Amino acid sequence: MPELPEVESVGRALAADLTGRRLTGLRVRWGGVFEPSPGAVRAALLGRTLTGLHRHGKYLILRFEGEGNGDAAFLMVHLRMTGQFLAQEDYRPDSHVHVTFDFDGRAVHYRDVRKFGRLSLVEHGTHPQALAHVGPDMLTVRTADWLGRVRRRGAPFKSVLLDQGVAAGLGNIYADESLFLARVHPLARPRDLDETELREVLRRAKQVLRLAINHGGTTFLDFRNFHGQPGNFRRKLRVYGRGGEPCRDCGAAIERMVIGGRSSCWCPRCQPAPR
DNA sequence: AAGATTACCTGAAGGC
DNA sequence: TGCCTTCAGGTAATCT
């Protein structure tokens with residue numbers, strides 16, 4: 001599932017391959033991925049050049065310029081659960097490929113088995129509001145800003161980390177990993193922790209995100225990897241998906257429970273239960 | 001009004 | 001050519 005590190009990796013690959021190229025074709029098999037509509041996206045972007053790509057949390061924002069009315073237009077991408085961009089030369093689209101972009105003859109396929117992902121047109125004027133509901137990026141948020149956002153929260157820390165309005169980018173995997181590294185129980189409430197503990201959670205979150213980026217992410221299919229193999233961070237995971245298995249640090253059995261509707265794993269010895 | 005629950009989707013896995 | 005249920009998780013909408 002793409003979280004911040006996987007989205008970062010996809011974005012880097014897209015930027016490296018497509019920046020400066022012109023969108024010459026748009027083949028749509030299932031128009032439901034586009035907001036507000038395939039026609040609007042086609043009218044706004046076809047014939048224009050991809051001039052920049054930016055990531056914020058789990059969003060990718062593609063900037064298109066040239067021709068048109070002179071103003072830049074943006075395509076805001078969220079891969080949700082199973083969205084992928086694939087560009088292997090010999091790739092044969094299957095029934096889950098909903099859109100194929102042609103960039104000067106180079107085909108880039110958008111594939112999404114569960115159809116949760118969205119490719120949203122953002123017109124020039126509405127650009128500032130497009131991400132208004134999303135908090136600062138988890139990788140670059142300033143400590144004082146983040147502390148102010150979490151300090152009074154009474155929900156389980158696990159849920160606060162997943163709240164993209166607080167800070168954007170952590171998903172279920174890296175939220176569990178961050179709490180393990182910080183030695184904080186997922187049910188601990190931010191308002192009950194002291195500032196040192198809160199700072200440690202943020203420090204560890206940034207650390208694990210950077211580490212995962214350097215390993216190519218955990219589960220996404222990198223479109224530059226013609227084998228379609230996943231990133232290799234999976235083997236580094238300390239608690240996520242390891243319920244019942246021994247903690248790599250202390251050997252205790254990793255526990256699992258549902259918190260805020262999300263499967264959550266932690267080590268009962270390394271992350272003692274809150275009082 | 002923050003916190004909890006459900007809807008959106010499909011495929012894998014497991015029980016029987 | 002087995003059928004059915006459960007699970008997986010990001011976010012928006014809908015609840016309490």
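Please read all numbers here as calculations on a predicted model, not as lab measurements. Order of the sequence lines sets the chain letters (A, B, ...), proteins ahead of strands, with each chain counted from 1.
- Minimum atom distance to the side chain of A:Arg153 is reached by B:dG3, of the listed B:dG3, C:dT11, B:dG11.
- Distance A:Arg191 CZ to B:dG3 C1': 11 Å, rounded to the nearest Å.
- Closest approach of A:Asp249 to A:Arg238, counting heavy atoms only: OD1-NH2, 2.9 Å.
- No single ILVMFWY cluster, assembled from side-chain heavy atoms under 4.5 Å apart, contains both A:Tyr59 and A:Leu45.
- Here the two rings, on A:Phe74 and A:Phe64, have centers that are 6.0 Å apart or farther.
- Between A:His133 and the phosphate of C:dA12, there is a side-chain N or O to OP1/OP2 separation shorter than 4.0 Å.
- Separating the CD atom of A:Gln84 from the P atom of B:dT10 is a distance of 16 Å, rounded to the nearest angstrom.
- A:Arg152 has its CZ atom 15 Å from the C1' atom of B:dA1, to the nearest Å.
- We find that CG of A:Leu131 is positioned 11 Å from P of C:dA12, with the value rounded to whole Å.
- Per the geometry, CG belonging to A:Asp112 stands 9 Å off C1' belonging to B:dC9, to the nearest Å.
- An aromatic stacking contact links A:Phe116 with the base of B:dC8, defined here by ring centres under 5.5 Å apart and ring planes under 30° from parallel.
- Between A:His78 and C:dG10 there is no side-chain N or O to OP1 or OP2 distance below 4.0 Å.
- Going from atom CD1 of A:Ile61 over to atom NE2 of A:His78 covers 10.0 Å, rounded to the nearest 0.5 Å.
- As judged by a 4.0 angstrom heavy-atom cut-off over every strand, A:Gly117 is placed among residues making no nucleic acid contact.
- Residues A:Pro156 and A:Lys115 both approach DNA chain B. Their nearest nucleotides, taken by heavy-atom distance, put A:Pro156 toward the 5′ side.
- A:Arg262 contributes a side-chain N or O that forms a donor-acceptor pair with the base of C:dT11 under 3.5 Å.
- Summarising the geometry, the separation between CE on A:Met81 and C1' on C:dC7 is reported as 11 Å, rounded to the nearest angstrom.
- Summarising the geometry, atom CZ belonging to A:Phe101 is positioned 11.5 Å from atom NE2 belonging to A:His109; distances are rounded to the nearest 0.5 Å.
- For A:Leu162, whose side chain is taken as the heavy atoms from C-beta onward, the closest listed nucleotide among B:dT10, C:dC7, C:dG10 is C:dG10.
- Distances shorter than 4.0 Å separate some side-chain N or O of A:His96 from OP1 or OP2 on B:dG11.
- Between A:Arg118 and A:Ala155, the residue anchored closer to the 5' end of DNA chain B is A:Ala155, taking for each the nucleotide with the nearest heavy atom.
- Toward the 5' end of DNA chain C, the nearer of the two residues A:Val134 and A:Ser263, judged by each one's closest nucleotide, is A:Ser263.
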